[in-house]
Enquirer: 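Below is the structure I would like to discuss, written out as structure tokens.
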Amino acid sequence: MYVGIDVGTSVVKAAAFDSGGRQLAVESRPVELSLRGGFVEQDMDEVYGAVVDVLGKLAGRVPEPVELAGLTGQGDGVWLVDKEGRPVRSALSWMDGRAHQLLDQWLADGTFETVFRRTGGAMFPGSPGPLLAWLDRYDPKSLDAAAAAVYCKDMVFQRLTGAGRATTDVSDASMPFLDPRTRSYDNRVVELLGLTRRRRLLPPVGDPITTGEAREGLPSGTRISNGPYDLPACALGAGVTEPGDGLLIVGTCLAALVATTELDLSGEPAGLYISTDRHGHRLRAMPAMVGTAALDWVLSTTGVTHAEVDELLAATPPGAHGVRVLPYFAPSGERAPFVEPHLRAELSGVSLETTKADLIRATCEGIGYAARHCLEAAGLTGALAVCGGGTRSPAWMQLLADVLGRPLRVVEGEVGARGAVLAAAERYGVSLDAGVWTEPTAIVEPDPGRSAYYAKGFQEHVARLDVARGAAGR
């Protein structure tokens, strides 16, 4: 069997697949996030312990020999480790907002735009550049004690394999220090962010991705590869490799990805270019902060369960009786397809006659408009796949198809873990039929009438958003 490990922000998963890509079993374990005053951190030992735990349980359920394993996980943030991959301090999550003032400064003085023009990465508060600069100012002892500033999966790989040195891959390194043309760190960017004396902390980039043999969690000697991180892994797992084709991950946050062989560093700085193992092939990524977390907040506030969502979406018409939601609930603002750390959510058109169904539909429509905004900015021209927790709601998938005005190739199951296996197989020269592994489970066609309605609604959404961005920036 083949094992994919996906170390997510809130859940760690391990999935087993047969040689034809059939998902045999999944084990998962939640991990905690510490949220305090804009600081969002994770306990590395808890995360690593969860990985070992789910791998052990998976082996108990599917006791077949493991041919190879692929590792993926959440990107961005800062995971400071010593020479053995042990934590120096709690990990700073990609959701962390503590560095927003530094980002404000860089937005104002041009540093932000200069970095984007060099690397194609639009920094946000939870990306490594701002977080490392914040640590250098306010917690320098942690940086002094660290051997490397890695990413989540890199910490796990080093400890699973006992690798003598921390490494990362081109996908995780893409934000914000990697020059996408040379596929190596841009030392000028390091200098611009005031981190020259911390340059030693940037881990070597495995290109192609680093491999090793497991000594824990998996059977001893199991071949395992480190990367790519979750966004490009999901693209692989959904079969998004041809230029122009895209993927929308409907998870805690939305992530819009479009495969491309182009590199356009003009236009409004936003999102990033994710380098892949295929030289010259990249993903134009618009990973937004908005996503199912916005819907979860509305559900919790209104006392509605996830099981009721489909019924409520059917209980009110498109347009939700005039209720509109700008769904930017994240405490760190928005990062794609624009960067505005101070943007916050807005509800309008609400009255005493507004129902829970109106609020739910308006929120789902708002998230759909945000997705369309991201996909258009990323340059989608081909087929669109969709994956993530949101795909479990048929009514929401139909709404998304209508808002986006295009068919959705729904890919269910552990798509990131599947992509991690495909990446590992490519690295090790193991022949797997990627077309079979990535077949969609359903195709959702848009309704022409509703799509025409939502095309106008999207323009209204963008106009309201422009006003909100102007107010947030003052």
Enquirer: If a pair satisfies side chain to side chain donor-acceptor pair (under 3.5 Å) and one of its residues is in residues 388-398, list it, with sequence neighbours excluded.
Expert: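 Qualifying pairs, neighbours excluded: Asp310-Ser393, Gln398-Asp402.
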
Enquirer: Considering only distance and modelled atom types, tabulate donor-acceptor pairs under 3.5 Å from the side chains of residues 57-66, sequence neighbours left out.
Expert:
from	atom 1	to	atom 2	distance (Å)
Lys57	NZ	Asp53	OD2	3.4
Arg61	NH1	Val26	O	2.8
Arg61	NH1	Glu27	OE2	3.2

Enquirer: Can you tell which of Thr210, Val150, Val81 makes a side-chain contact (heavy atoms from CB on, under 4.5 Å) with Pro203?
Expert: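 Answer to the side-chain contact (heavy atoms from CB on, under 4.5 Å) test with Pro203 among Thr210, Val150, Val81: Val150.
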
Enquirer: If the condition is side chain to side chain contact (heavy atoms under 4.5 Å, CB included), which residues does Ala146 pass it with, not counting sequence neighbours?
Expert: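 Listed in chain order: Leu80, Val88, Leu201.
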
Enquirer: May I ask you to check whether over 12 heavy atoms, not counting those of Arg165, lie within 6.0 Å of atom CZ?
Expert: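 Count not over threshold, so no.
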
Enquirer: Quick one: salt bridge (Lys or Arg N to Asp or Glu O under 4.0 Å) partners of Arg409, sequence neighbours excluded?
Expert: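 Arg409: no salt bridge (Lys or Arg N to Asp or Glu O under 4.0 Å) contacts found.
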
Enquirer: In this structure, is the centre-to-centre distance between the rings of Phe124 and Trp94 below 6.0 Å?
Expert: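 Not under 6.0 Å, so no.
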
Enquirer: Does the pair Asp18/Arg22 count as a salt bridge with the N-to-O cut at 4.0 Å?
Expert: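 Salt bridge between Asp18 and Arg22, a charged N being under 4.0 Å from a carboxylate O: yes.
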
Enquirer: Which heavy-atom pair separates Val411 from Gly237 by the least distance, and what is that distance?
Expert: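 So the two residues come closest at CG1-O, 4.1 Å.
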
Enquirer: Could you work out, with side chain to side chain donor-acceptor pair (under 3.5 Å) as the rule, every residue matching Arg118, not counting sequence neighbours?
Expert: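 Asp186.
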
Enquirer: Going by the side-chain contact (heavy atoms from CB on, under 4.5 Å) test, name the single residue among Leu248, Val250, Val240, Ile249 that passes it with Cys387.
Expert: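 It is Ile249; the other options fail the test.
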
Enquirer: Check this for me: does any side-chain nitrogen of one of Lys153 and Asp169 sit under 4.0 Å from a carboxylate oxygen of the other?
Expert: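 Yes, charged N to carboxylate O under 4.0 Å.
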
Enquirer: Got a sec, which residues hit ring-ring contact (aromatic ring centres under 6.0 Å, His included) with Tyr369, two or more places apart in sequence or on another chain?
Expert: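 His461.
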
